[in-house]
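A quick write-up on the structure given underneath.
In what follows, every chain begins at residue 1, and chains take the letters A, B, ... in the order their sequences are listed. Small disclaimer: the values here were computed from a predicted structure and weren't measured.
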Number of protein chains: 2
Amino acid sequence: MDTSSRNNLGEVIRQQRVMTSLTLQELSAKAGVSASHLGRIERGERFPSARILRRIAQPLGFEENELFTLAGYLSAHPLSVGEESPPYRGRRVDPYVATVLSREPVSVQRAVVGILTILKSIAEISAKE
Amino acid sequence: MDTSSRNNLGEVIRQQRVMTSLTLQELSAKAGVSASHLGRIERGERFPSARILRRIAQPLGFEENELFTLAGYLSAHPLSVGEESPPYRGRRVDPYVATVLSREPVSVQRAVVGILTILKSIAEISAKE
DNA sequence: ATTATAATTCGCCAACTGGCAAATGTCAAT
DNA sequence: ATTGACATTTGCCAGTTGGCGAATTATAAT
């Protein structure tokens with residue numbers, strides 16, 4: 001079995017599903033993929049075909065590209081000419097995070113990152129003593 | 001059998017191969033895919049998995065994205081020149097917020113929206129009494 | 001504790017992918 | 001026409017995918 005990049009795909013998908021508070025059955029309904037199959041994918045017993053991967057991308061809040069790259073079906077992007085995001089190396093906004101935030105007005109979004117700043121400075125201070 | 005978009009994929013691939021004046025065997029060598037399989041793909045008897053499609057893209061001079069879209073594995077990209085992707089309907093994430101968050105690892109980003117969720121439920125509860 | 005109910009996992013299996021080797025087709029040179 | 005050298009197609013089959021229904025496990029609710 002291929003232990004390379006496909007390896008953690010299941011975990012990632014499960015994480016994302018749980019973060020989105022969907023059950024396997026709900027995701028199954030939204031994606032049009034059997035729940036049993038989804039379960040096996042999540043625990044790494046099956047590797048989803050492109051067809052299946054495509055179906056679950058949007059219900060989970062992934063860009064198709066993103067998920068395909070994650071699955072190792074596309075190589076980590078040269079991406080489009082205009083650049084934009086460095087692919088999956090952290091430095092980007094997680095899709096789940098983005099969906100949650102996008103439901104909030106900008107003022108709330110800013111308040112949230114304000115909290116982040118406060119927490120970081122607290123952490124920094126307490127790390128020093 | 002699916003007669004939709006996958007239908008002409010084989011033709012397109014064969015055309016492209018001929019245009020590039022490659023034989024099946026040469027393409028086979030470059031792509032690391034058996035010639036017999038390639039032949040069947042070209043005449044529409046088999047539908048290549050993502051793994052296979054990825055391997056033949058570059059020897060044929062395709063962008064992976066392009067070929068995947070052609071195969072119907074990715075939805076046709078509206079794509080973008082200057083614009084970022086419009087994936088999340090409704091409101092979007094404020095650019096300032098996005099840049100701040102994108103400097104943090106995903107785990108931190110998620111923790112942050114976790115806090116948001118908590119605050120909202122607190123607000124909801126206290127609004128009820 | 002005891003049901004009731006929803007969620008997940010398992011067993012089974014039809015359908016499909018993709019490689020190998022053999023068969024067939026193509027074409028130039030003799 | 002025949003041979004030889006490649007190119008393509010076919011037969012076969014092991015390995016996977018993915019759906020369905022049953023069995024099991026988690027979660028409430030009384």
Any donor-acceptor pair under 3.5 Å from Glu11(B) side chain to Asn8(B) backbone: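 The answer is no, because no donor-acceptor pair under 3.5 Å joins these two groups.
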Ser28(B) side-chain N/O to Val33(B) backbone N/O, donor-acceptor pair under 3.5 Å: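 Indeed, once roles are kept as given, a pair shorter than 3.5 Å links the two residues.
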d([atom1], [X]; [atom2], [N]) in whole Å:
X: Glu42(B); N: dT17(C); atom1: CD; atom2: P; answer: 16 Å
X: Ile56(A); N: dG19(D); atom1: CD1; atom2: C1'; answer: 16 Å
X: Tyr73(B); N: dT17(D); atom1: OH; atom2: C1'; answer: 13 Å
X: Glu45(A); N: dT16(D); atom1: CD; atom2: P; answer: 13 Å

Do you know the tightest heavy-atom contact between [X] and [Y]?
X: Leu24(A); Y: Arg14(A); answer: CD1-NH2, 4.4 Å
X: Phe68(A); Y: Tyr73(B); answer: CZ-O, 3.4 Å
X: Lys30(B); Y: Leu22(B); answer: CE-CD2, 3.9 Å
X: Pro48(B); Y: Ile41(B); answer: CB-CD1, 3.6 Å
X: Arg17(B); Y: Leu60(B); answer: CA-CD2, 3.7 Å
X: Gly32(A); Y: Arg55(A); answer: O-NH1, 3.0 Å

Inter-end axis angle, the helix from dA1(C)-dT30(D) to dT30(C)-dA1(D), with every axis fitted to five base pairs (rounded, 10 degrees):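 If I round to tens, the end axes sit 10° apart.
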Close side-chain approach of Thr20(B) and Leu27(B), heavy atoms under 4.5 Å: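 Thr20(B) does not reach Leu27(B) side chain to side chain.
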Contact check, side chains of Leu67(A) and Ile56(A), non-hydrogen atoms, under 4.5 Å: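 Leu67(A) vs Ile56(A): side chains touch.
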Upstream residue (5' side of DNA chain D) when Glu26(B) and Arg43(B) are each assigned their closest nucleotide: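 That would be Glu26(B).
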Tabulate atom names and distances for all N/O pairs under 3.5 angstrom spanning the protein and nucleotides 18-22 of chain C.
residue	atom	partner	partner atom	Å
dG18(C)	OP1	Ser49(B)	N	3.3
dG18(C)	OP1	Ser49(B)	OG	2.1
dG18(C)	OP2	His37(B)	NE2	2.8
dG18(C)	OP2	Ser49(B)	N	3.1
dG18(C)	O5'	His37(B)	NE2	3.1
dG18(C)	N7	Arg46(B)	NE	3.0
dG18(C)	O6	Arg46(B)	NH2	2.9
dG19(C)	OP2	Ser34(B)	N	3.1
dG19(C)	OP2	Ser34(B)	OG	2.9
dG19(C)	O6	Arg40(B)	NH2	2.8
dC20(C)	N4	Ser36(B)	OG	2.8

CD on Glu45(B) to CD on Glu42(B), rounded to 0.5 Å: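 Result: 11.0 Å between the selected atoms.
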Any residue of residues 15-25 of chain B with a heavy atom less than 4.0 Å from an atom of DNA chain D: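 Arg17(B), Thr23(B), Leu24(B), Gln25(B) - these, ordered by number, are the residues of the stretch whose heavy atoms sit under 4.0 Å from the strand.
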